[in-house]
Amino acid sequence: MTKKQKKMRARIIVSGILYACLFIADKLGALEGFPILAVAIAFLVPYLIIGYDVILRAFKNISKGHVFDENFLMMIATFAAFATGEFTESVAVMLFYQVGELFQSYAVGKSRASIAEMMSIAPDFANLEDEEGNISEVDPEDVEVGSIILVRPGEKIPIDGVVIEGESFVDTAALTGESVPRKVSPGADVISGCVNGDTAIKIRTTKAYEDSTVSKILELVENASSKKSRMENFITRFAKYYTPVVTIGAVLLALVPPTILGIMSGNFAYVSWIHRACIFLIVSCPCAMVISVPLGFFGGIGAASKIGVLVKGSNYLEAIAQMKSLVFDKTGTLTKGEFKVSEVINLNGFSKEDILYYAAYAEKFSTHPIAKSILTAYGKDVDLSLISNQQEVSGQGISSVVNKREVLIGNYKLMQANGIDCEINDSPATICYIAVDGKFAGYIIISDVIKEGSKEAMKALSKVGVSKLVMLTGDRKEVAMAVSKELSLTDCRYELLPTDKVSNVEELIKACKKDEKLGFVGDGINDAPVLMRADVGIAMGSLGSDAAIEAADVVIMDDDLRKIPKLVRIARKTLRIVKQNVVFALGVKIIVLALGAFGLATMWEAVFADVGVAVIAILNSMRVLSSNYDEKN
């Protein structure tokens, strides 16, 4: 418990003991000989101990023009109970209300705990190395891109970068939820927020602190609660109108029936009807709904963060629960994107070395994984002075002049468009066709592999009810269909340009039923427009581009697709719990309100309908944090 919660607990105990003594004395008749004013003052002591802050908040809110809230309802109801001589009930209402508030405060703290762990990844300092090799401790925000920083054993990596010296294991649990440390050595990329193992390493920073992974994550966490679900917005609007309506209803209940009955019978029983109005006010307090709905969603976001998934708002959690279609990018999402040259076919007098030479020079400035695999296979330095007039042909490949010879490298469409005579290769691997000075030189076969866990993820998604699994890719038909068949996808669309992906997603969204949502999973910078267009955009956080993470609604920190079905289970359980809370709270309140209006309910039923229902709803909301989402539950 926090210091504030412990103070409230102490107030509840002290007030509860005093109230219990007075309650027993009252039931035994020990207070009958005392003046009514003395008895009222005696009960006022535990009442003020436990309820002074509620009264202060009520008056403060009234002074600001915010009259109708739970503090106002509690104050008016308990004041009215005191005025009619119902001292024990008045103190009991305030006491149990504060017990409910303590439960709420503790529950919110519990649900925030998983997300608060994310906040602990923020680095306090960076060990900056200057040109003379001296190490000084500085603020991470003051470290420039390209600086050298030292990360000692047990310290957090403050900024994204590349290891240049030392080998170690880094703990990524705070970011990804994975307990197994990852080995890093010179040349390995490392992200901020991870904890270094038992060996010091030196890192050359590749980003400024504000652009680093840890900074982006903290920003997402801080903004998560601002994006509310439709249900939360409804409850907020509902409470806004509900509270003044029931307050006016309570006033009318206290005055109209006794006045009419008094005129008819001559007995104006205002005290009895004011007592009924107090019960009406206590029951009508919307605490259970106002508390439990956002608490349920916050618990869902906390449960997701426990498995290494960041959800940017409860509105996206609600959309995930309704997701029936999921669209995937291929490279880097379903497949590793670690392309390797598996074969070089040389034709028309060109050698394999010639083909790799021209291909590597033509692809030198490309950032595509295929280009990197060709450069790796070439394995030599590239003389940039020999490259000129390089142009990218969208959706086809690259045109370049290498050592005064015109080189074309790309897909079969590029060869066709330039009148190069060649036969199409039907291999399911990626084929790079190469022509030099208008003559077909051969082709390079490049293979990609299915990412670990992709098959299991597709099966699990089908089990949780995501019925449509679609892959969108710019690869040719044979490659795409081979991947689709291996993963048992329901649809596959290939040879697409980035703009085609957006139009395909829009088409799939139109095909969804009214209450169904569509999600898109991607990792590349060209996926950002599609991530924004989908109902739920899911980005790969570890290897994904900054643009994709920024555009997405959900970020999977370790790129494990098997976490998506877990997230669907979390979202659906969250929605079930929230709906249970709303139905239960409204049902109990309506019943007790009706009983109270007819004089059939006492203050004790009113206390249960308010505080009891709120506590039950809060405890129900906490279930979302304690469940195991590896299997259907």
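Among all heavy-atom pairs drawn from G197 and S168, the shortest one is N-OG, 3.5 Å. Between T473 and A480 the shortest heavy-atom distance is CG2-CB, 3.6 Å. Pairing each heavy atom of M323 with each of V568, the nearest pair is CE-CG2, 3.8 Å. For the residue pair K156 and V151, the shortest heavy atom distance occurs at O-CG1, 4.0 Å. Scanning all heavy atoms of the two residues, the minimum distance from L531 to G522 falls at CD2-N, 4.1 Å. For the pair V555 and K312, the tightest heavy-atom approach, listed with the atom from each and the gap, is CG2-CE, 4.4 Å.
The shortest side-chain heavy-atom distance between K573 and R623 falls under the 4.5 Å cut-off. The shortest side-chain heavy-atom distance between I434 and Y443 does not fall under the 4.5 Å cut-off. You'll find the side chain of I149 reaches within 4.5 Å of the side chain of P158, heavy atoms only. The shortest side-chain heavy-atom distance between K330 and L472 does not fall under the 4.5 Å cut-off. In this structure, the side chains of V327 and K468 stay at 4.5 Å or more apart for every pair of heavy atoms. Counting heavy atoms from C-beta on, the side chains of R533 and I509 come closer than 4.5 Å. Residues S136 and D130 have side chains not in contact (no heavy-atom distance under 4.5 Å, counting atoms from C-beta outward). Considering only heavy atoms from C-beta on, V170 comes within 4.5 Å of I157 through its side chain.
Side chain of S488 to main chain of S484: no donor-acceptor pair is present (N/O by atom type, distance under 3.5 Å, no hydrogens or angles). In this structure, the side chain of D142 does not engage the main chain of V138 through any donor-acceptor pair within 3.5 Å. No donor-acceptor pair closer than 3.5 Å links the side chain of D329 to the backbone N or O of T333. S454 places a side-chain N or O within donor-acceptor distance of the main-chain N or O of L334, the cut-off being under 3.5 Å. Put simply, the side chain of S147 never gets that close to the backbone of E129: no donor and acceptor are under 3.5 Å apart. Looking only at distances, no side-chain donor or acceptor of D160 sits under 3.5 Å from a matching main-chain atom of K207. Formation of a donor-acceptor pair under 3.5 Å by the N315 side chain with backbone atoms of E318 is not found in this model. S373 contributes a side-chain N or O that, together with a main-chain N or O of I370, makes up a donor-acceptor pair within less than 3.5 Å. A donor-acceptor pair under 3.5 Å is formed between the side chain of T490 and the backbone N or O of L469. With hydrogens and angles ignored, the 3.5 Å screen pairs a side-chain donor or acceptor of S342 with a backbone N or O of I445.
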Evaluate side-chain contact (heavy atoms from CB on, under 4.5 Å) for I450 paired with E486, printing each intermediate quantity in order.
CA-CA 9 Å; I450 301 293; E486 189 170 350; 3.6 Å; yes
Taking it one step at a time, do K451 and T335 satisfy side-chain contact (heavy atoms from CB on, under 4.5 Å)?
CA-CA 4 Å; K451 187 183 285 186; T335 62; 5.6 Å; no
Please walk me through it: do R152 and N196 pass side-chain contact (heavy atoms from CB on, under 4.5 Å)?
CA-CA 7 Å; R152 299 186 179 97; N196 186 28; 5.8 Å; no
Which is it for I538 and I556 under the side-chain contact (heavy atoms from CB on, under 4.5 Å) test, yes or no, and what are the steps along the way?
CA-CA 7 Å; I538 304 173; I556 302 174; 3.6 Å; yes
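For CZ of R493, the number of neighbouring non-hydrogen atoms (other residues, nucleotides, ligands) closer than 6.0 Å is greater than 12. Within a 6.0 Å radius of CD in E456, other residues, nucleotides and ligands contribute more than 12 heavy atoms. Around atom CG of D381, no more than 12 heavy atoms belonging to other residues, nucleotides or ligands sit under 6.0 Å away.
Put simply, CG on L326 and NZ on K324 are 12.5 Å apart, with the number rounded to the nearest 0.5 Å. To the nearest 0.5 Å, atom CG of residue L317 and atom CG of residue L567 are 6.5 Å apart. To the nearest 0.5 angstrom, R204 atom CZ is 4.0 Å from I148 atom CD1. In this structure, NZ on K455 lies 14.0 Å from CG on L561, to the nearest 0.5 angstrom. Atom CE of residue M540 and atom CG of residue D560 lie 8.5 Å apart, to the nearest 0.5 angstrom. Note that the OG1 atom of T206 and the CG atom of D189 stand 6.5 Å from one another [nearest 0.5 Å].
Electrostatic pairing of E495 and K477 does not count as a salt bridge here, judged by no charged N lying under 4.0 Å from a carboxylate O.
One side chain, N620 or Q580, offers a donor N or O that lies under 3.5 Å from an acceptor on the other. A donor-acceptor contact closer than 3.5 angstrom links the side chains of N127 and E155.
Checking each of Y357, F365, Y358 against Y361 for a ring-ring contact (aromatic ring centres under 6.0 Å, His included) leaves exactly one that passes, namely Y357.
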